[in-house]
Amino acid sequence: MRQKRIMVLGGNIVQAEATLTAKRLGYYTISTDLHPENPGHAIADEYCPVDIIDREAVLREARRLEIDGIVPYTSDILAPVASYVAESLSLPGNPHETVEIMTHKNRFREFLASHGFLTPQGRACRSVAEAVAYFRTLDAPAMLKPVDNAGSKGVFRIDSEEEIRLHWDETMGYSMEKTAIVEQFIERQGLQQDGDIFVIDGRIAFWGVGDQYKDPIAPYMPAMYSFPSVMQEEYRQRAQEMVQEALTALGFRQGPCNVEYIVDTKGDIYILEIGPRNGGNLIPFGIQECTGLDLTELTVRQAVGEKVEIPRWHYEGVGVSLLLHVRQDGVFHGVTVAEKYCDNVRRKYLFRREGDVVKRFHNGGDVIGSMTFRFDNHEEMQRFMVDENAIIID
């Protein structure tokens, strides 16, 4: 029998997990990007040096290599590339137009509004003058974001016209389409909800959305996630029904989605994101720590056309995904976990080396590394969170 061949877009330390999983499953793995030093390439059966943002270039290589599936692991930017290639080669995946809508904030907001979902009022803008003019129609505050990026890069709360002008260039610098969205700020109650779901034959087969925590120094950038959520079950049920309705209307058929939503002070639910890919920041592994489900394996198997099912599962304990970061600029020397928490550590990835210059936490580009933990209960997790000596970054 011919060995199935899978292309993984990107070979960084996190994307390498998809390559490692595919190798374990017995697939012929092809790791791609223009950075030969990335660890995923050493794991793969073959390294393909190609600009993974260039969909036509990726398509040419995918056709030449006769792949059976393609995975844009954890990346919103790469998801449209993967869907374009999959659709062009009749491989398993989702409609390219669906993925384009889901990965562009302005188009996704327009879709939600046109289908009757609550969504922040907003407008895509290509100039600071256009952004300022639209801001004047809103009740301050508002949010300024690039339409096509992730990791909270270029995201700012805006309280005045002057702040739009102050942050405009940085926001536009993170947009490949050189477009920003100005949108209504929604006051939430409780924690923002964030996590991964898995879709089989158009239906949500697994719901793993948990609590998102932020550091006050970067109030719009996630700093930690915990699973399961402590939010009321009533809101979870309503949110799941809403996300299912949206996926059906979008024509989304299969695979992982990273879902973010908030509940406002009136109890209304606002869907913020449904990203057509596994969540970043080790979210799949935080979920795995308390459910036993390997969402990366399900993603890889489904990408090459295998029939997958969600096994029976339940939450046991609390899974945590933590972003390592610093509160002031400096030089990185290392990370130390307090001895009493060492047994709780499950995974650790460092993106910086000893001696590297590190920056104060501002957005996803400033993250030093990621770790996952498992705790027996939320009370144990809370003690860890308030312990200033739990993790020391030198």
Side-chain angles (χ1 to χ4, degrees), residues 14 74 141 143-146 149-159 163 166-167 170-171 174 185-195 209-227 229-231 258 260-263 272-273 279-283 285-287 289 318-338 341 344-352 356-373 375 378-394:
V14 175
T74 75
M143 297 297 294
L144 176 67
K145 308 174 182 179
N149 212 316
S152 297
K153 298 181 179 73
V155 176
F156 297 97
R157 170 174 160 155
I158 301 298
D159 290 282
E163 289 184 353
L166 176 66
H167 298 301
E170 181 174 349
T171 296
Y174 286 113
F185 178 86
I186 306 297
E187 193 72 43
R188 61 176 167 82
Q189 62 165 294
L191 296 166
Q192 182 166 320
Q193 300 297 282
D194 193 338
V209 179
D211 298 322
Q212 183 195 97
Y213 296 82
K214 304 179 190 294
D215 188 313
I217 67 169
Y220 304 108
M221 175 67 199
M224 193 184 95
Y225 311 82
S226 68
F227 308 92
S229 172
V230 298
M231 183 167 274
N258 178 245
E260 295 185 48
Y261 67 91
I262 58 174
V263 180
L272 302 181
E273 308 281 349
N281 302 327
L282 301 188
I283 284 176
F285 303 111
I287 293 171
E289 295 306 334
V318 178
V320 166
S321 173
L322 178 72
L323 278 64
L324 300 172
H325 59 277
V326 294
R327 296 188 171 188
Q328 59 185 14
D329 297 351
V331 177
F332 179 63
H333 296 292
V335 176
T336 302
V337 179
Y341 300 116
N344 299 103
V345 176
R346 294 296 185 265
R347 290 173 182 261
K348 176 182 176 182
Y349 298 99
L350 293 180
F351 311 144
R352 302 289 186 270
D356 283 353
V357 173
V358 292
K359 295 183 178 181
R360 178 182 184 272
F361 193 41
H362 176 56
N363 61 44
D366 303 322
V367 174
I368 294 171
S370 298
M371 298 179 70
T372 61
F373 296 79
F375 298 98
H378 280 95
E379 290 73 22
E380 185 179 348
M381 181 197 76
Q382 289 291 336
R383 287 194 293 272
F384 165 80
M385 288 180 64
V386 300
D387 187 342
E388 295 182 355
N389 297 312
I391 297 179
I392 303 297
I393 301 176
D394 301 319

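All of these numbers come straight from a predicted model, not from anything done at the bench. Positions are given from 1 along the sequence.
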Student: Say you draw a straight line from CG of D387 to CD of Q382; how long is it, rounded to the nearest 0.5 Å?
Tutor: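 With rounding to 0.5 Å, CG (D387) is 12.5 Å from CD (Q382).
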Student: Atom NE2 of H362 and atom CG of D215: how far apart are they, to the nearest 0.5 Å?
Tutor: 13.5 Å
Student: With side chain to side chain contact (heavy atoms under 4.5 Å, CB included) as the criterion, how do E380 and V318 come out once you've worked through the C-alpha distance, each side chain's angles and the decisive distance to 0.1 Å?
Tutor: CA-CA 9 Å; E380 185 179 348; V318 178; over 6 Å; no
Student: What is the distance from atom CG of L324 to atom NZ of K348, rounded to the nearest 0.5 Å?
Tutor: 8.0 Å
Student: When rounded to the nearest 0.5 angstrom, what is the spacing between CG in D366 and CG in L323?
Tutor: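 So the CG of D366 and the CG of L323 are separated by 11.0 Å.
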Student: Supply the atom-to-atom distance T336 OG1 to D394 CG, rounded to the nearest 0.5 angstrom.
Tutor: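 Separation between the atoms: 5.0 Å.
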Student: Show the nearest heavy-atom pair for residues V326 and K359, with the distance to one decimal.
Tutor: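 For V326 and K359, the tightest heavy-atom pair comes out as CG2-O, 3.4 Å.
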Student: Restricting to non-hydrogen atoms, name the atom on Y341 and the atom on A390 that form the minimum distance, rounded to 0.1 Å.
Tutor: CE1-CB, 3.6 Å
Student: Would you check if L322 and F384 make a side-chain contact, meaning some heavy-atom pair closer than 4.5 Å?
Tutor: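 L322 vs F384: side chains touch.
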Student: For the side chain of D329 and the backbone of R360, is there at least one donor-acceptor N/O pair under 3.5 Å apart?
Tutor: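 Pair found, side chain donor or acceptor close to backbone of R360.
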Student: Do you know the tightest heavy-atom contact between G286 and T372?
Tutor: N-CG2, 4.0 Å
Student: Please assess I368 against F361 for the test side chain to side chain contact (heavy atoms under 4.5 Å, CB included), listing each intermediate value before the final yes or no.
Tutor: CA-CA 9 Å; I368 294 171; F361 193 41; over 6 Å; no
Student: Do the side chains of M143 and I158 get nearer than 4.5 Å, heavy atoms only?
Tutor: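 Answer no - side chains too far apart.
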Student: Does some side-chain heavy atom of M231 sit less than 4.5 Å from a side-chain heavy atom of L191?
Tutor: no
Student: Taking the side chain as C-beta and beyond, is there a heavy-atom pair between F351 and V14 under 4.5 Å?
Tutor: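 Sidechains of V14 and F351: in contact.
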Student: Return the minimal non-hydrogen interatomic distance between H325 and I217, and the atom names on each side.
Tutor: CD2-CD1, 4.5 Å
Student: How long is the gap from CZ on R347 to OG on S370, to the nearest 0.5 Å?
Tutor: 11.5 Å
Student: Side chains of V358 and I393: closer than 4.5 Å at any heavy-atom pair?
Tutor: no
Student: Give a yes or no on whether the backbone of D159 and the side-chain of R157 come within a donor-acceptor separation of less than 3.5 Å.
Tutor: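 No: the side chain of R157 does not pair with the backbone of D159.
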Student: Taking distance alone, no hydrogens or angles, what donor-acceptor pairs closer than 3.5 Å link side-chain atoms of residues 218-227 to residues at least two apart or in another chain?
Tutor:
{"residue": "Y225", "atom": "OH", "partner": "N281", "partner atom": "ND2", "Å": "2.7"}

Student: Side chain to side chain contact (heavy atoms under 4.5 Å, CB included), that's the test. Do I283 and D194 meet it? Break it down for me.
Tutor: CA-CA 9 Å; I283 284 176; D194 193 338; 3.8 Å; yes
Student: Does some side-chain heavy atom of F156 sit less than 4.5 Å from a side-chain heavy atom of L166?
Tutor: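 No, their side chains stay 4.5 Å or more apart.
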Student: Is it the case that the side chain of Q212 and the backbone of G210 share a donor-acceptor pair, with hydrogens and angles ignored and the cut-off at 3.5 Å?
Tutor: no
